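Basis for what follows: all heavy atoms, side chains included, without hydrogens, waters or symmetry-related copies. Here the structure is a predicted model, which is why all the values come from computation and not from measurement.
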Amino acid sequence: MTYVVKGLDPKPYAELFGLPDEELAKRGVVRMTVNSPTFPCRVSLTDRELGESVLLLNHVSHDVANPYRASHAIFVTEADQQAAEYVDEVPPVFKSRVLSLRGFDKDGMMAEAILTQPGQADAGIRKLFANPAIQTIHAHNATRGCFSARIERN
């Protein structure tokens with residue numbers, strides 16, 4: 001069994017890059033400067049460098065018509081970049097974090113969920129995908145609950 005972890009498509013966010021803070025505020029977006037190593041970009045799936053500009057915005061991570069529909073705040077680096085893709089390996093943002101891994105079935109209902117400690121994400125992903133009912137896994141940072149990435153069977 002193999003899996004792929006995908007970063008978000010950057011295209012929907014590109015129109016926000018460079019907008020004045022007042023215009024971003026009208027759209028519910030906040031520009032921030034990275035001041036600690038805990039600003040994970042959901043496109044690159046990396047923690048961003050000190051001094052970089054990121055956008056904090058709301059993202060619908062599970063757009064389904066059931067009780068598990070979910071959205072939360074995420075960071076997106078304010079720069080042109082490609083969506084990350086990691087096949088059979090976890091991205092850098094997973095390695096040092098406690099994660100909530102949430103497995104969803106074909107109807108978007110949560111079938112199973114687990115917490116993984118730093119360094120245990122790969123084992124947790126494989127454990128959830130051992131359940132044939134699970135079609136996708138959503139990784140969330142356990143402390144703040146933010147969506148981190150979508151994981152699919154490959």
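Taking 4.5 Å as the limit, some side-chain heavy atom of Val98 sits within range of a side-chain heavy atom of Pro118. The shortest distance between side-chain heavy atoms of Pro40 and Phe94 does not fall below 4.5 Å.
Ring geometry for Phe39 against Phe75 counts as tilted: the plane angle lies between 30° and 60°, on a 0 to 90° scale.
Judged by distance alone, with hydrogens and angles left aside, the side-chain atoms of His72 form a donor-acceptor pair with the main-chain N or O of Arg144 at under 3.5 Å. A donor-acceptor pair under 3.5 Å is absent between the side-chain atoms of Asp107 and the main chain of Met109, judged by distance alone. Counting only distance, with no hydrogens or angles, the side chain of Arg31 and the backbone of Ser53 share no donor-acceptor pair below 3.5 Å. Here the side chain of Gln120 pairs a donor or acceptor atom with the backbone of Gln117 at under 3.5 angstrom. In terms of modelled atom types and a separation under 3.5 Å, the side chain of His138 and the main chain of Arg102 share no donor-acceptor contact. The closest donor-acceptor contact from the side chain of Ser100 to the backbone of His140 lies at 3.5 Å or more, if one exists at all. The backbone N or O of Phe147 lies less than 3.5 Å from a partner atom in the side chain of Arg42, making a donor-acceptor pair. Remark: the backbone N or O of Gly108 is paired with a side-chain donor or acceptor of Asn66 at under 3.5 angstrom. Between the side chain of Arg153 and the main chain of Ile134, a donor-acceptor pair closer than 3.5 Å is present.
Across every non-hydrogen atom of Gly124 and Leu101, the tightest pair is C-CD1, 3.7 Å. Scanning all heavy atoms of the two residues, the minimum distance from Phe129 to Gln135 falls at CE2-O, 3.8 Å. Closest approach of Asp88 to Asp122, counting heavy atoms only: O-OD1, 4.4 Å. Contact detail for Asn131 and Ala133: the closest heavy-atom pair is OD1-N, 2.9 Å. Closest non-hydrogen pair, Ala130 versus Pro132, comes out as O-CD, 3.2 Å. Annotation for Ala142 and Leu115: closest pair CB-CD2, 4.1 Å, computed over non-hydrogen atoms.
Note: Leu8 CG to Leu45 CG = 7.5 Å, rounded to the nearest 0.5 Å. One finds the CG atom of Leu24 at 5.0 Å from the CG atom of Leu19 (value rounded to the nearest 0.5 Å). Rounding to the nearest 0.5 Å places CD1 of Ile151 at 11.0 Å from CZ of Arg126. Atom-to-atom distance recorded for Ile125:CD1 and Thr2:OG1 is 12.0 Å, nearest 0.5 angstrom. Atom CD of Glu89 and atom OH of Tyr3 lie 7.5 Å apart (nearest 0.5 Å). Distance check: Ser148 OG to Asn141 CG gives 4.5 Å after rounding to the nearest 0.5 Å.
Note on Phe17 and Leu57: same hydrophobic cluster, where clusters join Ile, Leu, Val, Met, Phe, Trp and Tyr whose side-chain heavy atoms are under 4.5 Å apart, directly or indirectly. Hydrophobic clustering of Ile, Leu, Val, Met, Phe, Trp and Tyr side chains at less than 4.5 Å, counting indirect connections, keeps Val93 apart from Val87. Under the 4.5 Å side-chain contact rule for hydrophobic residues, Ile74 and Val34 do not share a cluster. Hydrophobic cluster membership is shared by Leu16 and Val76, with clusters built from Ile, Leu, Val, Met, Phe, Trp and Tyr side chains linked at under 4.5 angstrom.
The 12-atom threshold is not exceeded at CG of Asp80, counting heavy atoms of other residues, nucleotides or ligands nearer than 6.0 Å.
In this structure, Glu22 does not pair ionically with Lys26, as no charged nitrogen and carboxylate oxygen lie closer than 4.0 Å. Between Asp47 and Arg97 there is a salt bridge, since a side-chain N of the basic residue sits under 4.0 Å from a carboxylate O of the acidic one.
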Practice problem: Tell me, with the steps shown, if Val60 and His62 meet side chain to side chain contact (heavy atoms under 4.5 Å, CB included). | Solution: CA-CA 6 Å; Val60 177; His62 196 50; 6.0 Å; no
Self-check item: Working for side chain to side chain contact (heavy atoms under 4.5 Å, CB included), residues Met32 and Arg48
Solution: CA-CA 12 Å; Met32 300 180 77; Arg48 303 315 297 183; over 6 Å; no
Practice problem: Given side chain to side chain contact (heavy atoms under 4.5 Å, CB included), test Val5 with Glu85 step by step and report yes or no. | Solution: CA-CA 6 Å; Val5 183; Glu85 187 170 299; over 6 Å; no
Practice problem: Run the numbers on Val64 and Phe104 for side chain to side chain contact (heavy atoms under 4.5 Å, CB included), then give the verdict. | Solution: CA-CA 11 Å; Val64 293; Phe104 294 95; over 6 Å; no
